[in-house]
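Note sheet for the following structure.
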Amino acid sequence: MQNDNSKHKLGGWHHLRSSEGLASSEELWAGYHSESKAKEYKHVCKRACQRAVDRLRAGGMALEAVTAALIELEDSPFTNAGTGSNLNLSGEIECDASIMDGKSLNYGAVGALSGIKNPVLVARRLLSETQKGKLSAGRIPPCFLVGKGAEQWAISHGIPACPTEKMTTKFSLSGYKRNKRKMELAEQVETKRKRQSCEHVSESKSTFTLQENVENNSACLDTVGAVVVDREGNVAAAVSSGGLAMKHPGRVGQAAHYGCGCWAENARDISLHSTAVSTSGSGEHLIRTMLARECSTAMQAENTHQALLEAMQNKFISSPFLAGEDCVLGGVIVLRCCTCGEAQRSEDIQALLVEFLWSHTTESMCVGYMSAQDSKARTHISRLPPGAVAGQSLAIEGGVCRLGTMSD
């Protein structure tokens, strides 16, 4: 495995800037992004950033802004989340999503959810309901629901139903049909191989090769997510995914699992940093490594670039929990912020120093970022260096920005 194919580029935030900016919003979308569709990918990220920042400018908190960003990403037919999600073995859409509030540390999630256009809205509502306290007879409110129960709960709480056919796109349906044909061919080949083996046919005459696998390479791992910090320094993170193509019904990926899909935590002490993380990639790999929380913990180090590099290498690519895997696919966006030294000595909340980094082992990752001081979002498709092997190498980039309110 390689760990020297990393790069650090400070993008559009390479200068420390002092202004009246209120917050920043970043989106991720890891997998494979062709040059021919780069414009569409970037446009989706730009719109999501804009929705989040619009909410922040209107006085909204980080949790509201990150929800707005995810809704935009889920509504896009280009993402594997909400509308346009991968279809499972039964030809149905089952979505996973989660959201975490760094201020309260509350979390809400749904898994294998069908019939709801925006899964993140259900996750958000679950989070909100947990803050209201216990249910009747002292019952603890749920923070994570799956399947039919999640759908019924969502509808009972005023979130409208949406049939699968309305969420299915031409692209997702054609992908399902291609994958189904590949699976049928694979089963035919296996059946023929077994039959010939029983007939004592020599191995050389009973060997077949299936050239194509189900499309679950990095091209289909485009889970979406966002991280946000508001003007008060509160952070929030969210993630949403349609899951693997041709997955077994009921499978739940990292997007719904606590500490795996997203993480957000406000600093509890002035010596610590607030962090928000969202992940994308192969759900099973991200679940077994709890990558979101691992990256958040790593961000307390002084050198964020080195810390993220080591976390991706040691806690993900070379993780002992993935010792049997030779292609570990994933991506993260990480936001770290703290109050600058001069503001720590004042009651006025100002001068937030925000660091934003992203890293991935997938072939590419589309990232967008924007602060309230910006007129438009910046987008970038990060790619592994030439010659790097997806699943064994990583890329890392990022930037830094100073945000805050001006004193009267």
Query raised in the report: Side chain of D374, backbone of A377: donor and acceptor closer than 3.5 Å?
Result: no
Requested in this report: Determine yes or no for a side-chain-to-main-chain donor-acceptor pair under 3.5 angstrom, with T361 supplying the side chain and Q392 the backbone.
Outcome: no
Report task. Begin from the C-alpha positions of L394 and Q313 and carry the test side chain to side chain contact (heavy atoms under 4.5 Å, CB included) through to its verdict. Result -> CA-CA 8 Å; L394 64 89; Q313 181 64 51; 4.1 Å; yes
**Report entry** Lys/Arg-Asp/Glu bridge criterion (N-O < 4.0 Å) met for E325, R288
**Finding:** yes
Requested in this report: Please examine the side chains of L126 and P142, heavy atoms only from C-beta on, and report whether any two atoms are closer than 4.5 Å.
Outcome: yes
Query raised in the report: Would you say the side chain of L291 lies within less than 4.5 Å of the side chain of V332, judging by non-hydrogen atoms?
Result: yes
Query raised in the report: Taking C-beta and beyond as the side chain, do H380 and W358 meet within less than 4.5 Å on heavy atoms?
Result: yes
Name every donor-acceptor pair, under 3.5 Å, that has one atom in a side chain of residues 257-264 and the other anywhere in the protein, sequence neighbours excluded.
residue, atom, partner, partner atom, Å
H257, ND1, G253, O, 2.9
W263, NE1, E265, OE1, 3.1

Report task. Go through the steps to decide whether L105 and Y107 satisfy the test side chain to side chain contact (heavy atoms under 4.5 Å, CB included), and finish with yes or no. Result -> CA-CA 7 Å; L105 300 182; Y107 149 93; over 6 Å; no
Query raised in the report: Can you tell me if N88 uses its side chain to pair, donor with acceptor, with the backbone of S90 under 3.5 Å?
Result: yes
Query - Interatomic distance, L73 atom CG to S240 atom OG [nearest 0.5 angstrom] - result: 8.5 Å
Query raised in the report: Of the non-hydrogen atoms in S104 and D101, which two are nearest, and what is the gap between them?
Result: OG-OD2, 2.8 Å
Requested in this report: Begin from the C-alpha positions of F316 and L286 and carry the test side chain to side chain contact (heavy atoms under 4.5 Å, CB included) through to its verdict.
Outcome: CA-CA 8 Å; F316 192 55; L286 296 162; 3.8 Å; yes
Report task. Check whether any side-chain N or O of T379 sits under 3.5 Å from a backbone N or O of K46 as a donor-acceptor pair, and report yes or no. Result -> no
**Report entry** Check against salt bridge (Lys or Arg N to Asp or Glu O under 4.0 Å), R193 and E190
**Finding:** CA-CA 5 Å; R193 180 185 289 115; E190 184 62 24; 2.7 Å; yes
Query raised in the report: Is the F78 ring parallel, tilted or perpendicular to the Y41 ring (thresholds 30°, 60°)?
Result: perpendicular
Query raised in the report: Measuring from D230:CG to E64:CD, what's the distance to the nearest 0.5 Å?
Result: 9.0 Å
Query raised in the report: Any donor and acceptor pair, going by atom type alone, linking the side chain of N80 with main-chain N or O of S85 inside 3.5 Å?
Result: no
Query raised in the report: Checking R139 side chain against S136 main chain: does a donor-acceptor pair fall under 3.5 Å?
Result: yes
**Report entry** Check: R378 and M370 side chains under 4.5 Å, non-hydrogen atoms
**Finding:** no
Query - Over all atoms of both residues, closest heavy-atom pair of V235 and T275 - result: CG2-O, 3.4 Å
Query raised in the report: From N106 CG over to T130 OG1, what is the distance, rounded to the nearest 0.5 angstrom?
Result: 4.0 Å
Query raised in the report: Any salt bridge between E129 and R125, counting N to O under 4.0 Å?
Result: yes
Query raised in the report: After noting the C-alpha distance and the side-chain angles of Q306 and E310, does the key distance pass the side-chain hydrogen bond (donor to acceptor under 3.5 Å, both in side chains) rule?
Result: CA-CA 6 Å; Q306 184 64 29; E310 291 177 358; 2.9 Å; yes
Query raised in the report: How many angstroms lie between CG in N86 and OG1 in T223, if you round to the nearest 0.5 Å?
Result: 9.0 Å
Query raised in the report: Hey, what do you get for CG (L173) to OG1 (T164), rounding to the nearest 0.5 Å?
Result: 11.5 Å
Query raised in the report: If we only count heavy atoms from C-beta on, is the L56 to R231 side-chain gap below 4.5 Å?
Result: no
Report task. Please confirm whether the backbone N or O of T83 pairs with a side-chain atom of K166, one donor and one acceptor, at under 3.5 Å? Result -> no
Query raised in the report: Looking at residues at least two apart in the chain, or sitting in another chain, which of them share a side-chain contact (heavy atoms from CB on, under 4.5 Å) with A255?
Result: D96, V239, S241
Query raised in the report: Under 3.5 Å, is there a donor-acceptor pair between the side chain of K42 and the main chain of G368?
Result: no
Report task. I would like to know whether E284 and R251 meet salt bridge (Lys or Arg N to Asp or Glu O under 4.0 Å); could you show each step before the answer? Result -> CA-CA 10 Å; E284 279 66 23; R251 180 262 188 186; 2.7 Å; yes
Query raised in the report: Hey, what do you get for CZ (R57) to CD (Q373), rounding to the nearest 0.5 Å?
Result: 9.5 Å
Query raised in the report: So do the side chains of L87 and E92 get within less than 4.5 Å of each other, counting heavy atoms only?
Result: no
Query raised in the report: Does some side-chain heavy atom of T289 sit less than 4.5 Å from a side-chain heavy atom of K315?
Result: no
Query - Lys/Arg-Asp/Glu bridge criterion (N-O < 4.0 Å) met for E397, R383 - result: no
Requested in this report: Please name all residues satisfying ring-ring contact (aromatic ring centres under 6.0 Å, His included) with H157, sequence neighbours left out, ordered by chain then number.
Outcome: W153
Query raised in the report: Quick one: does S172's side chain have a donor or acceptor within less than 3.5 Å of a partner on T169's backbone?
Result: yes
**Report entry** Least distance between heavy atoms, A307 atom then A301 atom
**Finding:** CB-CB, 3.8 Å
Query raised in the report: Does any non-hydrogen side-chain atom of L185 lie less than 4.5 Å from one of R181?
Result: no
Query raised in the report: Looking at P141 and K134, what are the two nearest heavy atoms and their distance?
Result: CD-CA, 4.0 Å
Report task. Grab the two heavy atoms, one from C95 and one from M167, that are nearest each other, plus how far apart they are. Result -> SG-CE, 4.5 Å
Report task. For the pair L113 and E151, evaluate side chain to side chain contact (heavy atoms under 4.5 Å, CB included) and give the outcome as yes or no after the intermediate values. Result -> CA-CA 6 Å; L113 174 65; E151 181 184 359; 3.9 Å; yes
**Report entry** Q300 side chain vs H273 backbone, donor-acceptor pair below 3.5 Å
**Finding:** yes
Report summary line: Smallest heavy-atom separation, P249 atom then L89 atom, equals CD-CB, 4.1 Å
